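Have a look at the structure below before the remarks.
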Amino acid sequence: MITAGADIGSSSSKILILEDGEKILSAVVIPVGTGSSGPDRAFAQALDQAGLTRDKLGYIVATGYGRRHFEADRQFSEITCHARGIAWLMPEARTIIDIGGQDAKAIRIEPGGSVGSFIMNDKCAAGTGRFLDVMSRVLEVDVSELAALADESKQEAAISSTCTVFAESEVISQLAQAARREDVAAGVIRSVVRRCAGLVKRVGPEAPVVMTGGVSLNPLAVRFMQEELSIPVMAASRPQLTGALGAALLAARELSKLKAGAL
Ligand code: ADP
């Protein structure tokens, strides 16, 4: 039984192919999302890595912001898919913080992996990866290098603007006044994390807390989140793929149900 999960985000396209609901055959992340060639390229690469053709897939579940534009048997929300993926990887996790390119979510999960409650910010870029992308450009560093730059900081710069557009002007002006790039980088990461931590506090975070989504590839974001929440926080392994994993697991469940119904 081969199934696939497709997590089509605003910033990246993720495909994961699973055998019998337990063995990962391939997993691909392409750093462009819905509306681009990313979803098709990720899908083709995942099939290629697994040595499969599309007709071998028994069921496909799509999730993510662009899920309705991806051809699949069924769609599930990102909340359901992240919870399912984390429950499989780390059954002990009780809180998920997912920070992607365009939104952030805090999810409480019950023992067994069902979603208890969740809160989402999809209205404002300031608490999302987008803020880091914009500020990285101003700092002339790739977002994947932002944490390494910020790690050199001796004194975090304070970013007072809560709006991405105003914060960008603030950062440009700080740099023009000879602020150290590393201090600004640290301040920028702190700003995103503090906003998300406010969201997380509203769901009443319970340990163990795990971070998913592209922003958790930034080790300083994970450390700052731990500081802001005052409870241990860890990043999921391959955190951008958690939603696609959950989608592939849900696909396996749906296909098993179909097969059982056909008997
Ligand atoms: P979505 O699912 O919403 O498309 P992702 O979960 O892939 O988004 O997260 C995308 C965000 O993750 C980007 O906006 C960027 O800020 C951040 N990101 C992506 N790759 C890296 C990396 N290698 N290191 C640090 N941050 C990253």
Side-chain angles (χ1 to χ4, degrees), residues 5-16 27-43 46 61-70 75-83 85-86 96-107 120-151 164 167-168 171 185-186 188-193 195-196 199 210-225 235-248:
D7 181 1
I8 311 300
S10 62
S11 307
S12 66
S13 307
K14 289 80 66 178
I15 306 282
L16 185 143
V28 172
V29 179
I30 298 268
V32 278
T34 187
S36 74
S37 62
D40 288 345
R41 281 196 285 140
F43 193 41
V61 163
T63 188
Y65 176 70
R67 62 184 176 270
R68 292 199 174 77
H69 305 294
F70 190 84
Q75 283 98 25
F76 282 93
S77 78
E78 290 150 271
I79 309 280
T80 306
C81 291
H82 278 276
I86 285 296
I96 302 172
I97 304 168
D98 174 53
I99 314 177
Q102 174 168 285
D103 61 22
K105 312 169 196 79
I107 309 166
M120 181 162 170
N121 159 33
D122 59 357
K123 301 281 181 287
C124 168
T128 73
R130 178 92 187 111
F131 187 89
L132 298 176
D133 299 341
V134 169
M135 301 311 165
S136 296
R137 207 185 55 233
V138 176
L139 287 160
E140 296 182 271
V141 68
D142 190 87
V143 72
S144 62
E145 304 292 331
L146 190 65
L149 175 65
D151 223 15
T164 306
E168 184 180 10
V171 163
V188 157
I189 299 170
R190 176 71 67 183
S191 170
V192 168
V193 169
R195 288 212 122 214
C196 290
L199 190 80
V210 59
M211 281 178 71
T212 64
V215 172
S216 47
L217 291 168
N218 176 327
L220 222 54
V222 180
R223 199 175 88 205
F224 285 0
M225 185 61 80
S237 64
R238 304 188 73 187
Q240 273 179 303
L241 282 159
T242 319
L245 169 65

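Values in this document were obtained by computation on a predicted structure and should not be read as measured data. For ligands, and for the atoms within them, numbers begin at 1 and follow the listed sequence.
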Report the nearest protein non-hydrogen atom to atom 7 (O) of ligand 1: residue, atom name, distance rounded to 0.1 Å. Ser12 OG, 2.6 Å
Starting from atom 25 (C) of ligand 1, locate the nearest protein heavy atom and write down its residue, its atom name and how far away it is, to 0.1 Å. Val143 O, 3.7 Å
for atom 24 (N) of ligand 1, nearest protein heavy atom and its distance come out as Ser144 CA, 3.4 Å
May I ask you to check whether Asp7 has an N/O atom sitting below 3.5 Å from an N/O atom of ligand 1? no
Contact with ligand 1 for Lys14, non-hydrogen, under 4.0 angstrom: yes
Can you tell me if Arg67 uses its side chain to pair, donor with acceptor, with the backbone of Gly64 under 3.5 Å? yes
Please list, in number order, the atoms of ligand 1 under 4.0 Å from a heavy atom of Leu217. 20 (N), 21 (C), 22 (C), 23 (N), 24 (N), 25 (C)
Considering only non-hydrogen protein atoms, determine which one is nearest to atom 14 (O) of ligand 1 and report residue, atom name and distance to 0.1 Å. Asp133 OD2, 2.6 Å
Pick, from Gly101, Ala221, Ala244, the option with the minimum heavy-atom distance to atom 8 (O) of ligand 1. Gly101
Does a side-chain heavy-atom distance below 4.5 Å link His69 with Ile8? no
Does an N or O anywhere in Gly100 fall below 3.5 Å from an N or O of ligand 1? no
Ligand-side contact atoms (ligand 1) for residue partner Gly129, heavy atom cut-off under 4.0 Å: 14 (O), 16 (O)
Should His82 and Asp7 count as side-chain neighbours, where that means a heavy-atom distance under 4.5 Å? yes
Suppose I only count heavy atoms of Val215 and a 4.0 Å limit; which atoms of ligand 1 are within that range? 12 (O), 17 (C)
Would you tabulate the side-chain donor-acceptor contacts of residues 235-246 under 3.5 Å, counting partners in other chains and residues two or more places apart, or write 'none'?
from   : atom 1 : to     : atom 2 : distance (Å)
Thr242 : OG1    : Pro239 : O      : 3.1

Please check if the side chain of Lys14 supplies one atom and the backbone of Ser12 the other of a donor-acceptor pair under 3.5 Å. yes
Just how far is it from atom CZ of Arg41 to atom OG of Ser13, taken to the nearest 0.5 Å? 8.0 Å
To which protein heavy atom is atom 5 (P) of ligand 1 closest, and what is the distance rounded to 0.1 Å? Gly214 N, 3.5 Å
Do Arg195 and Val192 have side chains that get closer than 4.5 Å, going by heavy atoms? no
Min side-chain heavy-atom separation Arg223-Asp151 under 4.5 Å: yes
Does ligand 1 have any atom sitting under 4.0 Å from a heavy atom of Gly64? no
May I ask you to identify the nearest protein heavy atom to atom 4 (O) of ligand 1, giving residue, atom name and distance to one decimal place in Å? Ser11 N, 2.7 Å
Around atom CZ of Phe70, are there more than 12 heavy atoms of other residues, nucleotides or ligands at under 6.0 Å? yes
Less than 3.5 Å between some nitrogen or oxygen of Asp103 and one of ligand 1, yes or no? no
Would you find a donor on one side and an acceptor on the other, under 3.5 Å apart, between the side chain of Thr34 and the backbone of Ser10? no
Donor-acceptor contacts, no H, no angles, side chain residues 120-128, under 3.5 Å, sequence neighbours left out:
from   : atom 1 : to     : atom 2 : distance (Å)
Asn121 : OD1    : Lys123 : N      : 3.0
Asn121 : OD1    : Cys124 : N      : 3.1
Asn121 : ND2    : Cys124 : O      : 3.2
Thr128 : OG1    : Ala125 : O      : 2.8
Thr128 : OG1    : Arg130 : N      : 3.2

Under 3.5 Å: N/O of Gly9 near N/O of ligand 1: no
Below 4.0 angstrom from a heavy atom of Gly213, which ligand 1 atoms are there? Numbered from 1 as shown, please. 6 (O)
Counting from 1, what ligand 1 atoms have a heavy atom of Gln240 closer than 4.0 Å? 5 (P), 7 (O)
